[in-house]
Peer 1: 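There's a structure below that I have some questions on.
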Protein chains: 2
Amino acid sequence: MDTDKLDSRKMAILNAIIRNYLETGEPVGSRTISKFTDLSLSSATIRNEMADLEELGYLVQPHTSAGRIPSDKGYRLYVDKMMEEKVEEVNNMKEVLDQKADRIENLLKKVAKLLAVNTNYASMITTPKYRSRKLKFIQLTNVDDTHLLAIIFLEGNIPKNKVIDADHRYEESVLLKLNIVLNSLLQDLDLEEINMSIIQKIKEQAGEDSALIGRVLDAIGEAIREEDNIEVYTSGATNILNYPELSSDDGAKRLLYTLEDKQELAELVDDKLTSESGERTGTKGDIQVYIGNETPIDSMKNCSVVTATYEIEEGVYGKVGIIGPKRMDYDKVVGTLKTLMTQLDEIFKKK
Amino acid sequence: MDTDKLDSRKMAILNAIIRNYLETGEPVGSRTISKFTDLSLSSATIRNEMADLEELGYLVQPHTSAGRIPSDKGYRLYVDKMMEEKVEEVNNMKEVLDQKADRIENLLKKVAKLLAVNTNYASMITTPKYRSRKLKFIQLTNVDDTHLLAIIFLEGNIPKNKVIDADHRYEESVLLKLNIVLNSLLQDLDLEEINMSIIQKIKEQAGEDSALIGRVLDAIGEAIREEDNIEVYTSGATNILNYPELSSDDGAKRLLYTLEDKQELAELVDDKLTSESGERTGTKGDIQVYIGNETPIDSMKNCSVVTATYEIEEGVYGKVGIIGPKRMDYDKVVGTLKTLMTQLDEIFKKK
DNA sequence: TGTTAGCACTCAAATCGGTAGAGTGCTAAC
DNA sequence: GTTAGCACTCTACCGATTTGAGTGCTAACA
């Protein structure tokens with residue numbers, strides 16, 4: 001595909017067409033543009049240019065004798081151009097987010113909701129992904145006669161609780177001993193590093209209480225695996241019903257299903273994809289824009305997805321995204337995401 | 001409204017009409033019934049009876065010269081009749097639920113999904129509601145130089161973690177002392193019972209570390225309030241798009257929004273409602289059925305909602321519900337919910 | 001050579017009329 | 001009390017026609 005530069009007039013016309021289409025959602029005709037822009041060109045001239053633009057692949061005609069609408073390629077150009085310009089307009093998201101959201105989970109849900117409400121599109125956000133979670137420390141405590149509580153503290157200051165069945169009540173001194181054994185041998189290890197040799201060693205040192213050790217290790221494994229699981233939160237799914245071009249046929253059904261099911265959404269954050277997208281989208285900064293077929297998810301072929309990567313600490317990142325119609329207000333969405341990123345950054349740093 | 005008993009023939013006809021409508025979703029005419037039942041009556045006779053039934057309020061005609069469809073009152077009669085009959089057909093839900101679902105949260109989500117998949121309607125489930133949560137014990141632990149972990153154990157074996165900012169590292173012996181003070185004074189208290197006098201006492205005993213106490217108490221308050229919050233999980237919301245009578249107009253939009261927002265759903269479990277419903281729905285056992293206008297939620301006026309109450313332990317209960325079109329398969333839904341209840345019961349008992 | 005006016009042409013969407021079919025209500029006969 | 005028959009009603013559907021927005025092309029103009 002030829003990457004020929006468009007002359008500035010073509011550029012202006014394309015711009016005007018896209019802008020207009022973003023607003024109305026209707027195919028836009030030559031006459032509209034002739035009046036809409038200050039180029040003071042007649043509709044006939046515009047028509048010629050439009051024909052050119054169509055030939056170059058930036059515009060599409062839904063059918064003969066309808067106006068033009070931007071193709072994916074047209075959107076792409078528009079978005080790329082737009083991304084180069086400064087986007088700034090800090091709004092007061094921070095206020096909402098700042099109130100102590102203790103659990104990261106709640107914070108993320110709040111972010112998703114905020115985005116959906118602000119943009120009127122659907123939004124999603126994933127929990128941050130650690131390479132592989134390590135154990136920071138573990139502590140066993142008596143709960144009652146038949147239960148112990150294992151507090152499992154993972155790298156990244158994540159506490160996890162696991163209640164463990166016990167056949168009898170353990171003396172405090174025994175628990176103390178076990179705590180010391182477990183911590184001295186397991187500290188800073190991840191799942192791969194906890195092997196049979198280490199397990200054996202622990203059991204030896206635990207002596208008569210080695211029966212318990214198995215259950216404790218299970219709990220640790222569970223905790224780490226639980227935390228490794230990337231969760232996806234969505235919000236504003238119903239917003240997409242406001243866009244007729246998405247809610248026709250059963251497109252809406254499939255899209256809503258995807259958003260509810262969430263499984264497929266994980267693909268959007270797949271490492272492979274992220275790296276690829278760097279080249280493909282040619283974006284600047286953290287923001288990626290997938291237009292139509294560029295998204296890997298089938299039910300979103302008629303949508304655009306704008307994602308951003310947030311970093312919670314060195315090397316630990318998650319993704320947040322907005323899903324809307326192709327004619328979404330990219331300008332606003334990108335702006336919103338950018339300010340969100342800086343504000344999240346501040347929040348995480350402060351912690 | 002006259003609660004006149006219907007003679008058995010009218011009853012049979014009404015039954016046949018409803019059954020047929022449940023299947024097809026189309027208004028049903030006299031001719032259909034004449035053949036459908038084994039009453040061997042001509043369509044004309046049926047017509048007469050239908051006219052009577054309409055006059056009594058059990059049937060409705062969408063427009064002249066269309067067949068009849070059941071009114072809310074008609075459904076009500078049908079459902080009440082049905083509930084008296086035995087419903088039994090245990091399927092294998094238990095298998096799915098039995099695998100160790102450690103956190104109740106996950107179990108509930110799984111239940112919701114299971115219901116939605118099994119019935120093809122939307123489902124919801126709430127977290128169980130405790131009267132008022134009491135503190136069982138609390139324990140402070142060092143995390144690193146600037147953070148403490150408070151493990152807050154609530155009545156009902158619910159562990160909660162709160163990370164607390166600290167201005168310096170506390171000696172183990174200090175923490176031990178604080179733990180003892182906190183537990184001796186706060187054990188078995190709920191939020192109301194923790195008053196200024198007690199707080200004062202704690203601070204006195206804590207001496208120079210009283211600055212920390214405020215933050216610890218905040219954490220406790222948060223933990224209890226968090227747990228008091230009833231959460232609602234939903235599943236299968238998109239299923240409702242399969243029923244044209246619900247997805248017409250913007251009814252689907254509003255309904256889906258309700259399901260996503262969840263706030264309004266809490267009304268369904270409101271104490272007030274639950275007690276009222278006992279009389280209103282006249283159901284048997286644990287199952288409540290709300291038909292059309294009987295539901296308190298506006299966006300569900302065209303739906304039916306079937307709810308059941310599960311009990312996790314003495315006095316601690318939650319609600320699970322199924323939302324579908326009025327012409328839902330009540331028989332199956334009620335059956336499914338009933339077996340689910342018994343199976344949940346077993347799971348909770350075993351724990 | 002680029003721009004514009006004019007005109008014929010195309011196509012989706014809205015409008016209108018007519019028909020078919022399902023179903024009812026009523027009456028008269030059994 | 002039941003049934004057959006018939007006139008009537010109303011929706012859904014089909015097809016033809018119209019409307020209007022928009023295009024492409026050509027010819028004239030600066």
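Letters A, B, ... mirror the listed sequences (proteins, then strands); counts begin at 1.
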Peer 1: Considering only NZ, NE, NH1 and NH2 on the basic side and carboxylate oxygens on the acidic side, decide whether A:E23 and A:R327 come within less than 4.0 Å.
Peer 2: no
Peer 1: Rounded off to whole Å, could you give me the CD-to-P distance for the B:E55 and C:dT24 pair?
Peer 2: 16 Å
Peer 1: By the definition salt bridge (charged side-chain N to carboxylate O under 4.0 Å, His left out), identify the one residue from A:R47, A:R68, A:K10 that meets it with A:D52.
Peer 2: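 Single pass found, and it is A:K10.
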Peer 1: Counting distance alone, no hydrogens or angles: does the base of D:dT9 have a donor or acceptor under 3.5 Å from a partner atom on the side chain of B:T64?
Peer 2: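 Side chain to base: no pair below 3.5 Å.
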Peer 1: Among C:dG6, C:dT3, C:dG23, which nucleotide has an atom closest to any side-chain atom of A:T45?
Peer 2: C:dT3
Peer 1: Just verifying a value: how many Å separate B:K301 NZ and B:R254 CZ, rounded to the nearest 0.5 Å?
Peer 2: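 Separation between the atoms: 10.0 Å.
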Peer 1: Mind listing the residues from residues 23-41 of chain A sitting with a heavy atom below 4.0 Å of DNA chain D? Number order is fine.
Peer 2: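 Output list: A:G29, A:S30.
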Peer 1: Do the side-chain N and O atoms of A:S299 and A:T258 include a donor-acceptor pair separated by under 3.5 angstrom?
Peer 2: yes
Peer 1: Measuring only between side-chain heavy atoms, which start at C-beta, is B:I46 closer than 4.5 Å to B:I13?
Peer 2: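 Yes, close enough: below the 4.5 Å cut-off.
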Peer 1: Counting distance alone, no hydrogens or angles: does the base of D:dG24 have a donor or acceptor under 3.5 Å from a partner atom on the side chain of A:R68?
Peer 2: no
Peer 1: I need the NE2-P distance between B:H63 and C:dG21, as an integer number of Å.
Peer 2: 17 Å
Peer 1: Phosphate oxygens OP1/OP2 of D:dT2: is one of them under 4.0 Å from a side-chain N or O of B:R9?
Peer 2: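 Indeed, a polar side-chain atom of B:R9 lies that close.
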Peer 1: Do B:L115 and B:S235 have side chains that approach each other closer than 4.5 Å (heavy atoms only, starting at C-beta)?
Peer 2: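 Heavy-atom side-chain distance check fails, nothing below 4.5 Å.
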Peer 1: Can you tell which of D:dG22, C:dA12, D:dT11 lies closest to the side chain of A:S65?
Peer 2: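 Nearest listed nucleotide: D:dG22.
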Peer 1: How many angstroms lie between atom NZ of B:K81 and atom CE of B:M11, to the nearest 0.5 angstrom?
Peer 2: 5.0 Å
Peer 1: Distance check needed: C:dC26 P versus B:M50 CE, whole Å only.
Peer 2: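 Rounded to the whole Å, the gap is 15 Å.
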Peer 1: Taking NZ from A:K10 and P from C:dT3, how many angstroms apart are they, rounded to a whole number?
Peer 2: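 The answer, rounded to whole Å, is 10 Å.
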Peer 1: Pairing of DNA chain C as dot-bracket, 5' to 3': ( ) intra-strand, [ ] crossing, | other strand, . unpaired, with Watson-Crick or G-U pairs under 3.5 Å?
Peer 2: ||||||||||||||||||||||||||||||
Peer 1: Flag the pair B:R19 and B:D329 as a salt bridge only when some basic side-chain nitrogen lies within less than 4.0 angstrom of an acidic carboxylate oxygen.
Peer 2: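 Between B:D329 and B:R19 there is no salt bridge, as every charged N stays at least 4.0 Å from the carboxylate O atoms.
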Peer 1: Using a heavy-atom cut-off of 4.0 Å across all strands, would you classify A:A44 as base, sugar-phosphate, or nothing?
Peer 2: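 Answer is base: heavy atoms of A:A44 come under 4.0 Å of a base.
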Peer 1: Only one of A:I291, A:I18, A:I287 clears side-chain contact (heavy atoms from CB on, under 4.5 Å) with A:Y330; which?
Peer 2: A:I291
Peer 1: When the distance from CZ of A:R47 to P of D:dC25 is rounded to whole Å, what number comes out?
Peer 2: 11 Å
Peer 1: Take the protein atom CG of A:N48 and the nucleotide atom C1' of C:dG2, then report the distance between them rounded to whole Å.
Peer 2: 10 Å
Peer 1: I'd like to know if A:D72 pairs up with A:R76 as an ion pair, taking the criterion as any Lys NZ or Arg NE/NH1/NH2 lying under 4.0 Å from an Asp or Glu carboxylate oxygen.
Peer 2: no
Peer 1: May I have the distance from A:I46 (atom CD1) to C:dT4 (atom C1'), rounded to whole angstrom?
Peer 2: 12 Å
Peer 1: Using whole Å, what does the distance between atom C1' of nucleotide D:dC25 and atom CD of A:E49 come to?
Peer 2: 16 Å
Peer 1: Which is more 5' along DNA chain D, the nucleotide nearest A:A51 or the one nearest B:S42? Just name the residue.
Peer 2: B:S42
